[in-house]
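These notes are about the structure you will find just below.
Computed over heavy atoms, backbone and side chain alike; hydrogens, waters and symmetry mates excluded.
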Amino acid sequence: MKKKLLSLLLALAMALSLAACGGDEAESAPPATKAPAAEAGDGSWAVYWYLCGSDLETNGGFATTDLAEMMEVQLPENVNVVIQTGGAAVWQNEYMDPAKLQRWLYNSEGLQLLEESDTANMGDAQTLYEFLDFANENFPADKVAVTFWNHGGGSVNGAAFDEIHNLDSLDLAEMYQAFDAVWPADAENPALELVGFDTCLMATVDVAAVFQNFAKYLVASEEVEPGNGWLYSGWLGALADDPTMDGADLGIAICNTYYEGCEAVGTHEQTTLSLTDLTRVGALLDAYESFGQEALVAAAEDPGFFAELGRAAAQSENYGGNTREQGYTNMVDLGHLARQTAWMLPSAQSICDALADCVVYQVGGVYRSEATGLSCYYSYNGDIDDFSGYIDMGAGLAFKHLFAYELTGELAEGGEEYLASLDVQELPERVTLADTDWDGAPLDVNDEGTSFLTLGPEANDILAGIGFSLFYVDEANDQMLLLGTDNDLTADWDNGVFYDNFRGVWGAIDGHLVYMELSFEGEDYNLYSVPILLNGEAYNLQVAYDFTAGEWSILGASQGLDDSGMASKEMRLLEVGDVITTIWKLASYSGDDDFEMYAAEELTVTADTAFGEAPLFDGSYSMVFEMWDAAGNYAYSDAVTFDCANGEIMTTVYED
């Protein structure tokens with residue numbers, strides 16, 4: 001196995017390096033030696049690597065693998081990498097101690113243990129500050145990059161989830177606090193060359209707003225990163241070959257080698273990584289505030305704006321899943337959202353122009369073709385607790401008041417004064433799904449057997465989206481199986497009439513029907529999440545449908561978000577011999593019990609395993625139209641039933 005080989009290489013390299021320092025044990029390594037003070041223009045580089053191993057290291061050895069990649073590079077004398085390790089219950093090598101917080105130096109002489117102490121929470125601002133202060137005092141350089149390695153959770157949940165300390169993470173306020181204590185905030189003359197996140201979901205406008213005070217460049221991913229992450233032999237090798245490079249050159253090297261590494265292992269189709277010039281981000285933040293102000297004024301004039309915004313967000317590229325099974329990161333591509341709303345918000349063009357100016361380089365896969373380099377917050381699920389976190393972390397004011405009004409009908413603190421500054425005197429009362437009688441709305445069937453829902457023109461001002469759920473009904477055994485959701489409808493928004501396009505087929509793996517959820521509806525492709533058991537472990541299979549090619553493809557499997565808001569970093573590719581258990585949701589037909597996960601069928605992955613559409617097997621099926629608004633309220637229509645027999649479908653309206 002590659003990981004075992006790399007671990008052995010790392011162990012050997014460490015042993016040789018420690019022996020060269022005069023000891024066979026980590027404890028016998030010498031104390032830190034302060035490097036000579038760097039002089040301006042001397043060409044020296046230092047990378048301060050905050051390596052919080054977490055379950056990525058415990059379960060997969062991914063940190064060990066990246067350390068081994070680093071050690072493939074012979075660094076010149078003027079480049080140092082200072083590393084702090086911790087935050088993992090187990091390290092998959094013989095030298096890093098999970099009970100210790102350890103500091104290491106990798107330079108032209110190899111890897112050396114500098115010092116160690118009892119474990120501390122790497123998700124705490126004080127721990128980050130102490131490492132940055134130590135590295136800055138002892139290993140200064142002409143150019144400095146600070147990089148984070150771990151999980152990420154976007155603008156609200158931050159990064160560096162410490163497995164030993166209840167998955168506590170560094171939020172943006174804690175990062176600001178720690179950096180400011182070492183390098184006082186100065187957006188005009190930032191101290192650092194680059195800040196980078198080898199984590200998920202941290203290429204956000206809010207992250208850029210924080211780090212413009214400390215660094216010239218930001219490298220981060222909008223989307224979840226696959227487990228292979230950055231290619232350390234690649235970008236550190238580029239730095240070793242040319243230490244005269246600046247932060248922009250280093251950022252480009254990180255992006256290019258990352259994508260090359262993903263291509264090599266087949267995890268590239270949904271990848272993103274961008275390089276943002278933080279010295280130019282001020283214009284973007286100004287445009288973002290104006291964009292939010294224009295949206296807030298539009299909502300004050302017509303609360304139906306929220307429905308239009310919600311539909312635009314649903315059709316904008318979003319990251320980390322944002323489905324009920326995967327969890328909600330509530331991160332959406334800022335530029336794509338701006339393009340989708342440009343017809344009603346003219347300031348959207350300023351967003352696009354500012355992004356084009358400050359995002360100076362990016363790489364991405366075919367199923368992340370709309371990425372513009374930085375994401376922003378949008379509440380897909382209406383969760384108030386998550387929004388409360390955004391209130392504390394988000395850049396600007398306008399969107400905080402806009403989303404508070406959208407989700408609660410009220411403004412955030414200070415909102416009245418803010419509205420007055422926009423010459424808005426009061427807000428009209430919102431109308432949401434909770435104010436309608438659409439729950440249980442009747443369906444009709446036309447002469448062609450197509451079911452349709454009639455709500456009227458007001459649907460355009462209330463609904464952020466509409467789709468349908470499909471159920472298999474087994475009355476004899478008192479069971480209903482939920483097969484999932486889709487958006488295959490024809491929508492007449494002007495008149496509020498919605499027609500199903502159901503064709504009697506559903507998603508399937510090698511012909512085995514699955515539960516599936518729509519996670520992104522685009523012009524060129526849709527993305528779906530399919531919960532499965534993969535060799536007995538819960539995963540979400542990521543599936544794409546390409547409209548141009550008319551083809552389905554399996555992108556890989558991930559584990560979504562956990563309760564801490566931490567995004568799973570591993571994109572697990574299917575391997576021949578893997579055992580997949582398909583999942584449906586089961587409830588009684590006669591009762592009111594909730595649907596629970598149900599293990600349906602088992603199959604073994606072969607070289608020809610594929611996702612596609614399969615005809616429904618004989619039996620009775622029920623379809624319900626599902627409606628939702630921008631505040632996270634849902635309503636469900638009455639049902640229509642489909643009786644399938646020998647490929648023939650008979651549609652009837654269900655009556656109570």
Side-chain angles (χ1 to χ4, degrees), residues 288-316 318 328 330 332 337-338 340-348 351 376-384 386-388 390-391 394 396-439 441 453-467 491-498 625-636:
Y288 184 60
E289 183 69 7
S290 297
F291 187 47
Q293 289 175 350
E294 192 172 34
L296 184 56
V297 171
E301 293 174 351
D302 177 12
F305 168 82
F306 287 127
E308 297 279 10
L309 180 63
R311 295 197 292 272
Q315 295 177 335
S316 299
N318 60 85
Y328 291 87
N330 291 323
V332 60
L337 180 64
Q340 297 282 20
T341 57
W343 65 273
M344 56 182 176
L345 298 175
S347 62
I351 291 285
C376 66
Y377 185 87
Y378 178 81
S379 181
Y380 283 99
N381 61 343
D383 184 88
I384 299 300
D386 189 74
F387 171 66
S388 297
Y390 168 71
I391 284 282
L397 291 174
F399 276 105
K400 296 176 184 179
H401 294 303
L402 178 75
F403 293 145
Y405 177 34
E406 178 183 61
L407 299 180
T408 70
E410 300 176 355
L411 296 171
E413 184 177 353
E416 289 77 11
E417 293 84 355
Y418 191 84
L419 272 186
S421 73
L422 302 177
D423 293 326
V424 177
Q425 303 308 314
E426 61 180 353
L427 294 174
E429 187 173 345
R430 299 170 310 146
V431 178
T432 71
L433 269 172
D435 302 311
T436 71
D437 59 358
W438 294 346
D439 202 43
L453 174 66
T454 303
L455 299 175
E458 58 267 34
N460 190 53
D461 294 332
I462 295 175
L463 296 186
I466 186 167
D492 176 359
W493 286 104
D494 290 336
N495 296 298
V497 184
F498 307 92
F625 282 41
E626 181 180 64
M627 302 157 267
W628 58 94
D629 65 20
N633 299 303
Y634 280 78
Y636 302 88

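- Taking OH of Y636 as the start and CG of L433 as the end, the distance is 10.0 Å to the nearest 0.5 Å.
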*Test side chain to side chain contact (heavy atoms under 4.5 Å, CB included) on Y378 and F399 and set out the steps.*
CA-CA 9 Å; Y378 178 81; F399 276 105; over 6 Å; no
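- Closest of all the heavy-atom pairs between G415 and H401 is CA-CE1, 3.3 Å.
- Scanning both residues, M344 and L309, for their nearest heavy atoms gives CE-N, 3.9 Å.
- F387 and Y377 have tilted rings, their planes meeting at an angle from 30° to 60° on a 0 to 90° scale.
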*Could you walk me through whether L411 and Y418 pass the side chain to side chain contact (heavy atoms under 4.5 Å, CB included) test, one step at a time?*
CA-CA 10 Å; L411 296 171; Y418 191 84; over 6 Å; no
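- Between the side chains of N330 and D386, at least one donor N or O sits under 3.5 Å from an acceptor N or O.
- Between A299 and P428, the shortest heavy-atom contact is O-CG, 4.3 Å.
- Within the 4.5 Å cutoff, no side-chain heavy atoms of F291 are placed close to those of L402.
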*Would L407 and I384 count as a side chain to side chain contact (heavy atoms under 4.5 Å, CB included) if you check the C-alpha gap in whole Å, the side-chain angles of each, and the deciding distance to 0.1 Å?*
CA-CA 7 Å; L407 299 180; I384 299 300; 3.8 Å; yes
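- Exactly one of D629, I462, N633 qualifies for a side-chain contact (heavy atoms from CB on, under 4.5 Å) with T436. That residue is I462.
- Taking the six-membered ring for Trp and the full ring otherwise, the centers of F306 and Y405 sit less than 6.0 Å from each other.
- Counting heavy atoms of neighbouring residues, nucleotides and ligands inside a 6.0 Å radius, atom CD of E413 does not exceed 12 of them.
- A heavy-atom distance below 4.5 Å is found between the side chains of L296 and L419.
- With hydrogens and angles ignored, the 3.5 Å screen pairs a side-chain donor or acceptor of Q340 with a backbone N or O of Q315.
- Using a distance-only test at 3.5 Å, with no hydrogens or angles considered, no donor-acceptor pair links the side chain of Y380 to the main chain of V332.
- Between the side chain of E289 and the backbone N or O of L397, at least one donor-acceptor pair lies under 3.5 Å.
- Rounding to the nearest 0.5 Å gives a distance of 9.0 Å between CD1 of I351 and CG of L337.
- Considering all non-hydrogen atoms of both residues, A459 and G496 come closest at CB-CA, 4.3 Å.
- For the atom pair CG of D435 and CZ of R430, the computed distance is 8.0 Å after rounding to the nearest 0.5 Å.
- Side-chain contact, S347 with E294: a donor N or O sits under 3.5 Å from an acceptor N or O.
- No donor-acceptor distance shorter than 3.5 angstrom exists from the side chain of D461 to the backbone of E458, with no hydrogens or angles considered.
- Between atom CG of residue N495 and atom OG1 of residue T454 there is a gap of 9.5 Å, rounded to the nearest 0.5 Å.
- Between W493 and L463, some side-chain heavy-atom pair lies under the 4.5 Å cut-off.
- Considering every non-hydrogen atom in both A348 and A342, the closest pair reads CB-CA, 3.8 Å.
- Taking both residues in full, the closest heavy atoms of S379 and D383 are given as OG-N, 3.7 Å, listed atom of the first, atom of the second, then distance.
- Taking CZ of F498 as the start and CD1 of I466 as the end, the distance is 4.5 Å to the nearest 0.5 Å.
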*asked:* Determine whether L455 and M627 satisfy the following criterion, side chain to side chain contact (heavy atoms under 4.5 Å, CB included), listing intermediate values before the conclusion.
replied: CA-CA 11 Å; L455 299 175; M627 302 157 267; 3.8 Å; yes
